[in-house]
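Okay, structure first, notes after.
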Amino acid sequence: MKKFALALLLFLAACGADDSQKLKPGSYKLTDSLNNVPTVVTFAEDGRFNGKVVNNMMGSYTLGDDNTITFSPIATTMMMGPQEAMEAEQNFLQILPRIKSYKMQGKYLVLVTDNGGELVFEPYTPQENNN
């Protein structure tokens, strides 16, 4: 009986630790974006994501073992915007395919690139402003 109780306790502790590290669906805003241009990404529970810098972007993502994440090819609208915003958008679109893993640090989502670079996102409520 003691072995069963210990096994159950260890199992529940492991489940709790895993859940805190799983990607939480919702909207996130990049905390340190190029040219201070708002960059927002929203993850849905069904494996789809969308985002916005200047243009709307959309695609899908797949979560794997050890917090790996893979993004599908990204579709975007094709509007023009201010030069600084267009630079920020192109930079983000070039980095997105290089993201290989993620981690949750409290309320923050950290996306990690293939060379160890980190993009830190904070939870975002789209009603905060029009970005």
Side-chain angles (χ1 to χ4, degrees):
M1 185 68 172
K2 287 182 182 180
K3 288 182 181 180
F4 175 75
L6 180 59
L8 181 60
L9 182 62
L10 291 173
F11 173 76
L12 292 174
C15 288
D18 279 349
D19 288 346
S20 70
Q21 292 303 308
K22 291 188 180 201
L23 178 67
K24 294 172 181 60
S27 295
Y28 296 88
K29 184 176 180 180
L30 190 59
T31 60
D32 187 23
S33 60
L34 182 64
N35 300 329
N36 293 318
V37 175
T39 303
V40 176
V41 178
T42 301
F43 294 93
E45 289 186 35
D46 67 359
R48 295 179 195 210
F49 77 93
N50 63 65
K52 183 169 177 66
V53 182
V54 172
N55 288 286
N56 293 314
M57 62 186 79
M58 69 255 3
S60 62
Y61 68 96
T62 305
L63 301 178
D65 295 334
D66 299 326
N67 289 6
T68 59
I69 186 168
T70 305
F71 291 93
S72 70
I74 302 154
T76 66
T77 57
M78 299 181 70
M79 299 183 312
M80 292 297 295
Q83 182 64 31
E84 296 83 18
M86 296 303 295
E87 287 175 7
E89 181 174 271
Q90 285 305 308
N91 184 60
F92 184 70
L93 289 172
Q94 289 175 0
I95 291 172
L96 201 56
R98 295 181 46 216
I99 293 171
K100 302 300 177 196
S101 65
Y102 72 92
K103 54 188 170 185
M104 297 301 300
Q105 292 183 333
K107 67 180 184 175
Y108 294 94
L109 167 65
V110 181
L111 299 178
V112 183
T113 65
D114 54 3
N115 67 356
E118 294 185 344
L119 300 174
V120 179
F121 291 79
E122 62 187 345
Y124 176 75
T125 302
Q127 295 82 2
E128 289 177 3
N129 58 39
N130 292 329
N131 292 319

Requested in this report: For the pair Thr31 (side chain) and Val120 (backbone), establish whether a donor and an acceptor sit closer than 3.5 Å, ignoring hydrogens and angles.
Outcome: yes
Requested in this report: Check whether more than 12 heavy atoms from other residues, nucleotides or ligands sit under 6.0 Å from atom CG of Asp32, and answer yes or no.
Outcome: no
Query raised in the report: Heavy atoms, side chains only, cut-off 4.5 Å: are Leu23 and Tyr61 in contact?
Result: yes
Requested in this report: Decide side-chain hydrogen bond (donor to acceptor under 3.5 Å, both in side chains) for Glu87 and Gln83; before the verdict, give the C-alpha distance in whole Å, the side-chain angles of both, and the deciding distance to 0.1 Å.
Outcome: CA-CA 6 Å; Glu87 287 175 7; Gln83 182 64 31; 3.3 Å; yes
Query raised in the report: Where do Ala44 and Pro25 come nearest, in terms of heavy atoms and distance?
Result: C-CB, 4.3 Å
Report task. Hey, could you give me the CZ/OG1 distance between Phe92 and Thr76, rounded to the nearest 0.5 Å? Result -> 12.0 Å
Query raised in the report: In Å, rounded to the nearest 0.5 Å, how long is the span from CE of Met57 to CD of Glu89?
Result: 5.5 Å
Query raised in the report: Should the pair Phe49 and Phe71 be assigned to parallel (<30°), tilted (30 to 60°) or perpendicular (>60°) ring geometry?
Result: perpendicular
Requested in this report: Calculate, to the nearest 0.5 Å, the distance between atoms CE and CE belonging to Met79 and Met86 respectively.
Outcome: 9.0 Å
Query raised in the report: With respect to Tyr102, which candidate in Val110, Leu119, Val112, Leu63 satisfies the side-chain contact (heavy atoms from CB on, under 4.5 Å) definition?
Result: Leu63
Report task. Measure the CD-CG distance between Glu122 and Leu30 for me, rounded to the nearest 0.5 Å. Result -> 9.0 Å
Query raised in the report: Is there a path from Leu34 to Tyr28 through hydrophobic residues (I, L, V, M, F, W, Y) whose side chains come within less than 4.5 Å of each other?
Result: no
Query raised in the report: Same cluster for Met58 and Ile95 if Ile/Leu/Val/Met/Phe/Trp/Tyr side chains link at under 4.5 Å?
Result: no
Requested in this report: Please test Arg98 against Asp114 for salt bridge (charged side-chain N to carboxylate O under 4.0 Å, His left out), starting from the C-alpha separation and ending with a verdict.
Outcome: CA-CA 6 Å; Arg98 295 181 46 216; Asp114 54 3; 3.1 Å; yes
Report task. Report, as yes or no, whether the 6.0 Å neighbourhood of atom CZ on Arg48 holds more than 12 heavy atoms from other residues, nucleotides or ligands. Result -> no
Query - Least distance between heavy atoms, Ser27 atom then Thr42 atom - result: OG-OG1, 2.6 Å
Requested in this report: Would you confirm whether Thr39, through its side chain, and Val37, through its main-chain N or O, come within 3.5 Å as a donor-acceptor pair?
Outcome: yes
Query raised in the report: What distance separates Leu109 CG from Met104 CE, expressed to the nearest 0.5 Å?
Result: 5.5 Å
Report task. Could you tell me which non-hydrogen atom of Ser33 sits nearest to which non-hydrogen atom of Pro38, and how far apart they are? Result -> OG-N, 4.3 Å
Query - pair Ile69-Phe43: side-chain heavy atoms closer than 4.5 Å - result: yes
**Report entry** Under 3.5 Å: donor-acceptor pair, side chain of Glu84, backbone of Asn35
**Finding:** no
**Report entry** Under 3.5 Å: donor-acceptor pair, side chain of Ser101, backbone of Asn67
**Finding:** no
